[in-house]
Amino acid sequence: MTLTTQLTTRDPASARLRCGLCAQRCLLPEGQVGRCGAILHHNDQLHALAAGRPVVLHADPIERKPLYHVFPGSSVLSLGTMGCTMSCSFCQNWRIAHARPDPEEPIIPITLEHAALSRTRKPIGTSCSAICNRQSTIVNGITPPEAIIRATLDQGCNGIAFTYNEPTIYLDYAAEIIQLAQAAEFFCIFKSNGYMTIEALELLPRFAAINIDLKSFSDSFYRRICGARLQPVLEVIEYLQRRGIWLEVTTLLIPRLNDSDEELRALTNWLAALSPEIPWHVWRFHPDYQLTHVPWTHVNAVERAISIGRAAGLRYVYASNIPGDPNQHTRCPTCGTPLIERIGNSTTSIRLNGDRCTACGWTLPGRFG
Ligand code: SF4
């Protein structure tokens with residue numbers, strides 16, 4: 001799949017092409033791949049090597065992304081490929097995010113795992129049937145967008161999630177899937193590091209929601225530990241909020257690296273000033289990849305971060321990766337009624353009338369019903 005030409009510019013002083021998908025803005029000579037390992041300059045064009053090559057494809061609860069204010073209790077066909085636009089040393093999905101697609105060897109490891117979810121199967125609409133009847137088989141290792149729609153239907157999912165590794169590297173492929181999903185009445189969501197360019201985001205058809213990782217509020221952290229910068233991520237979050245796309249934010253809390261009160265106050269004050277309605281997920285770190293010497297985040301540290309977020313004015317602050325923690329529930333900010341209760345990645349009860357609190361009528365922001 002070739003990269004959208006609007007996002008490819010030519011360096012007038014050389015034969016190199018600049019990729020405009022993410023804020024790395026790599027300048028690539030012929031035959032070279034970008035920092036993500038997934039965009040190749042070949043025959044005077046940029047090619048998205050991960051497009052059409054999912055290496056993970058299975059049904060997940062939407063709560064796992066995490067998206068807590070979007071169709072709670074629904075399941076999403078979760079699609080992941082290889083490569084990433086950042087190089088975080090704490091990556092929790094490093095086996096695929098730091099693997100690289102091989103342009104010489106087509107990848108055909110599509111194994112649909114069923115996550116044993118007891119979800120309601122979506123009825124087959126005529127438009128969905130029509131899409132599924134089109135070419136939907138894997139050819140030369142490339143999975144066409146129609147096959148993703150077919151798999152969504154077969155797995156009994158309500159939507160599609162671009163997740164696990166950074167979807168920016170296959171944005172054109174995602175755009176095609178979103179268009180087909182709209183016709184088939186499936187919703188689409190993203191889990192992203194927020195490092196895509198605004199130009200790239202503007203090329204995407206409308207999608208339901210996105211969860212952005214705000215990994216730290218320190219540019220030094222982003223440079224040293226992620227091979228990236230903070231400011232482009234903040235600009236993407238501001239853009240998504242302005243555009244009215246439902247947005248939730250996640251911070252992986254890593255002991256001694258990004259967990260100081262001062263940094264958490266700065267981060268949550270900034271987020272609350274943007275909107276107190278943006279849900280903020282505090283994700284508990286587990287030792288992985290190059291940070292196996294760093295211990296798990298203590299539960300008390302997650303609770304401290306949650307208190308700081310609430311003190312900053314954020315109305316919906318959650319503990320993630322701590323199954324059974326009461327901070328997983330959504331409470332009505334006015335009367336305290338538990339509106340959505342969760343255990344781990346499962347929604348166990350919903351007390352909403354549409355999007356309103358059944359006790360006091362407060363409107364819960366998000367996408368419901
Ligand atoms: S997606 Fe980002 S990292 Fe990959 S080639 Fe393009 S600018 Fe570079």
Side-chain angles (χ1 to χ4, degrees), residues 1-55 79-91 93-104 107 162-178 190-204 207 210 212-215 219 221-237 239-240 289:
M1 189 168 278
T2 305
L3 198 59
T4 308
T5 45
Q6 295 167 67
L7 295 176
T8 306
T9 49
R10 187 174 301 280
D11 176 30
S14 69
R16 294 185 293 178
L17 296 178
R18 189 177 296 282
C19 172
L21 273 177
C22 89
Q24 303 285 7
R25 296 190 186 274
C26 300
L27 191 56
L28 301 174
E30 174 74 29
Q32 190 166 315
V33 291
R35 290 183 63 161
C36 57
I39 302 293
L40 170 71
H41 180 175
H42 174 65
N43 278 349
D44 209 28
Q45 283 186 315
L46 294 184
H47 295 265
L49 301 177
R53 292 171 161 177
V55 294
L79 184 159
T81 66
M82 289 184 185
C84 187
T85 55
M86 292 190 186
S87 50
C88 307
S89 56
F90 52 83
C91 184
N93 282 325
W94 60 273
R95 286 175 183 82
I96 59 170
H98 294 287
R100 296 298 183 237
D102 183 349
E104 303 301 325
I107 304 162
F162 305 104
T163 180
Y164 299 124
N165 69 323
E166 178 50 44
T168 303
I169 60 174
Y170 59 85
L171 218 61
D172 297 55
Y173 181 58
E176 284 189 40
I177 293 170
I178 293 170
F190 283 83
K191 170 69 180 166
S192 170
N193 61 20
Y195 215 48
M196 64 281 274
T197 57
I198 304 295
E199 309 94 90
L201 270 172
E202 282 176 341
L203 290 177
L204 277 178
F207 52 92
I210 188 166
I212 298 279
D213 285 323
L214 183 52
K215 297 167 190 280
D219 190 57
F221 176 100
Y222 266 92
R223 284 177 189 270
R224 284 183 296 114
I225 298 181
C226 307
R229 287 165 296 132
L230 169 64
Q231 189 57 32
V233 180
L234 300 183
E235 287 170 10
V236 161
I237 291 174
Y239 168 83
L240 290 164
Y289 194 40

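We count ligands from 1, going down the list as the structure has it; atoms in each ligand are counted the same way. Below, all heavy atoms of this structure are taken into account, side chains as well, without hydrogens, waters or symmetry copies. In this text the structure is predicted, and so the values were computed from the model without any measurement.
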Between Arg95 and Tyr289, is the side-chain contact (heavy atoms from CB on, under 4.5 Å) condition met? List the steps. CA-CA 9 Å; Arg95 286 175 183 82; Tyr289 194 40; over 6 Å; no

N/O/S atom of Cys26 under 2.8 Å from atom 8 (Fe) of ligand 1, yes or no? yes

Under 4.0 Å from any heavy atom of Cys19, which atoms of ligand 1 are there? 1 (S), 5 (S), 6 (Fe), 7 (S)

Counting C-beta onward and ignoring hydrogens, is there a side-chain heavy-atom pair between Ile169 and Met82 closer than 4.5 Å? no

Closest heavy-atom approach to atom 4 (Fe) of ligand 1 among Cys36, Cys22, Ser87 is made by Cys36

Proximal atoms of ligand 1 relative to Leu21 (non-hydrogen, under 4.0 Å): 1 (S)

Considering the heavy atoms of Gly34, write down every atom of ligand 1 situated less than 4.0 Å from one of them. 5 (S)

For the residue pair Thr81 and Pro101, establish whether any side-chain heavy-atom pair is separated by less than 4.5 Å. no

Between Arg25 and Glu199, is the closest basic N to carboxylate O distance under 4.0 Å? yes

Ligand 1 to Arg25, heavy atom cutoff 4.0 Å, flagged ligand atoms 7 (S)

Should Asn193 and Tyr222 count as side-chain neighbours, where that means a heavy-atom distance under 4.5 Å? no

